[in-house]
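The block underneath contains the structure these notes are about, expressed in structure tokens.
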Amino acid sequence: MNIINVVILAAGKGTRMNSDKPKVLHALAGKAMVQHVVDCAQKLDPQQICVVYGHGGEAVPKNLKPSNATYVIQEPQLGTGHAVQQAMPYLGDEGRTLVLYGDVPLIQHATLHQMQQAGSGLTLLTVNMDNPAGYGRIVRDEQGDVSRIVEEKDATEAQREIREVNTGILLAPTPYLKTWLACLRTNNTQGEYYLTDIVGMAVEQGIPVHTVQPTHEWEIHGVNSKSQLAVLERTWQQVEAQRLLVQGVTLADPARLDVRGSLVCGRDVEIDVGCIFEGEVTLGSNVQIGAYCIVKNATIADGTQIAPYSHIDSSIVGADCRIGPYARLRPGTKLHAEVHVGNFVEIKNSEIAYSSKANHLSYIGDATIGSRVNIGAGTITCNYDGANKFRTVIEDDVFVGSDTQLVAPVTVARGTTIGAGSTITRDTPAGELTLSRAKQVTINGWQRPVKKVKSQ
Ligand code: UD1
Ligand code: MG
């Protein structure tokens with residue numbers, strides 16, 4: 001009873017997307033639609049996940065994250081019943097099979113769990129719609145029990161009045177499903193093998209048919225066009241924004257936030273407009289994110305303020321830091337507590353310890369920087385010789401004067417002061433002033449070249 005297989009239908013051409021990419025690979029919230037479905041299916045701990053893809057859709061197996069999924073091609077495409085049938089040889093005879101759709105990306109675990117709890121027999125996910133056009137209708141008998149599903153194109157006038165529709169998602173005992181699929185015929189308006197015809201077969205055999213409604217209607221919305229994808233994207237972003245608001249996050253405008261992955265927030269987090277969060281992002285308590293920041297796969301500790309237009313990627317930011325505006329933290333950046341990173345400072349693959357500051361116009365790459373270090377404006381770590389990368393080590397309490405180049409590999413020892421405008425190519429002694437600078441000279445009586453004055 002508890003064994004579950006999942007079949008994900010993803011063979012449709014998606015003609016209306018007007019794209020060379022298979023429909024189910026188009027991204028919603030930064031992730032391929034079918035990946036959302038696979039990820040949701042994984043939560044059911046299925047024995048088997050079978051993705052049915054169509055001709056020309058070879059990119060589907062290539063682009064999905066590795067999972068225990070099996071990929072089956074459906075060619076030609078003779079209808080939803082035919083599609084599910086392609087997966088059957090890969091499924092054991094025990095337990096139940098859940099049918100999901102690669103272009104219905106927002107189905108949620110709670111709804112699927114509810115379907116699992118509905119009882120033995122066949123369970124259909126249905127919704128009541130004010131405008132049921134295009135959907136298969138759920139036909140019920142006088143007792144209110146489901147008797148069959150009729151496709152709109154095959155429906156009578158009276159049946160078209162029915163508001164309860166088939167979402168397509170269903171859960172069936174696998175042995176029955178196998179026999180029902182084998183009995184499907186194409187004697188309908190579209191000449192297809194309709195998956196929905198198994199409902200009438202179940203009823204005939206006295207197998208109970210249950211219906212379950214999704215927790216939210218958006219869970220069952222399918223995507224056939226870029227326009228529907230854009231609408232569903234906004235729906236999902238509103239859901240994310242509401243979730244954050246309920247948790248106590250302050251959003252300057254819930255309509256101007258994009259979460260493309262998972263955003264976990266502590267208490268009293270504030271997020272200004274236009275921010276994008278990608279991958280796995282964790283914000284500690286009292287973190288403030290200024291307008292138009294892009295934060296990807298990052299952890300930002302309590303009390304840190306990120307000023308507007310900063311980009312943070314694959315980085316760890318400690319507590320009470322001040323970052324930006326216009327700062328760029330690239331992969332491998334690790335900042336300890338109370339570090340300040342100012343405008344037009346780029347940091348990559350570097351660790352900066354407690355209370356150090358790089359406030360203006362610098363590049364820090366492949367560096368290890370100690371505590372209480374001051375990096376003057378315009379400082380550059382020259383980490384690359386055209387072929388190899390080298391590290392720069394700056395120990396505690398160093399003061400680097402403005403416009404300094406640190407040619408790696410080089411170590412600036414504890415307490416060093418570097419005079420402004422220096423090019424440092426050798427390790428410096430601790431506690432001393434080191435500088436490399438041509439002597440200032442004055443050329444007396446030197447004349448600045450003059451432009452010829454144009455005659456009128
Ligand atoms: C189907 C249902 C209908 C339901 C509607 C919900 C049937 C016969 N009808 O209708 O009751 O209300 O979905 O949206 O099942 N697919 C394949 N291979 C095929 C055909 C379809 O993989 O040969 C996939 C499509 O990619 C799509 C899904 O199955 O993801 C549904 O196919 P579609 O043709 O859109 O079904 P509908 O006619 O809308
Ligand atoms: Mg169809």
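Any value given below was found using the heavy atoms of this structure, including those in side chains, with hydrogens, waters and symmetry copies removed. Ligands are counted one by one from 1 in listed order, and the atoms in each one are counted from 1 as well.
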Q.
Taking only non-hydrogen atoms of T196, do any sit less than 4.0 angstrom from ligand 1?
A. yes
**OP:** Mark the output for D103 as yes if a heavy-atom distance to ligand 1 is under 4.0 Å, and as no if none is.
**Re:**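 The answer is yes: ligand 1 sits under 4.0 Å from a heavy atom of D103.
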Numbering as shown, the atoms of ligand 1 that approach [X] to under 4.0 Å (heavy-atom distance):
X    : result
Y194 : 8 (C)
T167 : 6 (C)
T80  : 7 (C), 8 (C), 15 (O), 20 (C), 21 (C), 29 (O), 31 (C), 32 (O)
G136 : 3 (C), 4 (C), 11 (O), 12 (O)
A83  : 17 (C), 18 (N), 22 (O)
N166 : 2 (C), 3 (C), 4 (C), 6 (C), 11 (O), 12 (O)
G79  : 19 (C), 20 (C), 23 (O)

[X] with [Y]: basic N within carboxylate O range, under 4.0 Å:
X    : Y    : result
D313 : R328 : no
D145 : R140 : no
R160 : E152 : no
K23  : D103 : yes

Applying salt bridge (charged side-chain N to carboxylate O under 4.0 Å, His left out) as the test, list every pair that has at least one member in residues 268-281; sequence neighbours left out.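 Found none.
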**OP:** Return the orientation label for the Y53 and Y71 ring planes: parallel under 30°, perpendicular over 60°, tilted otherwise.
**Re:** perpendicular
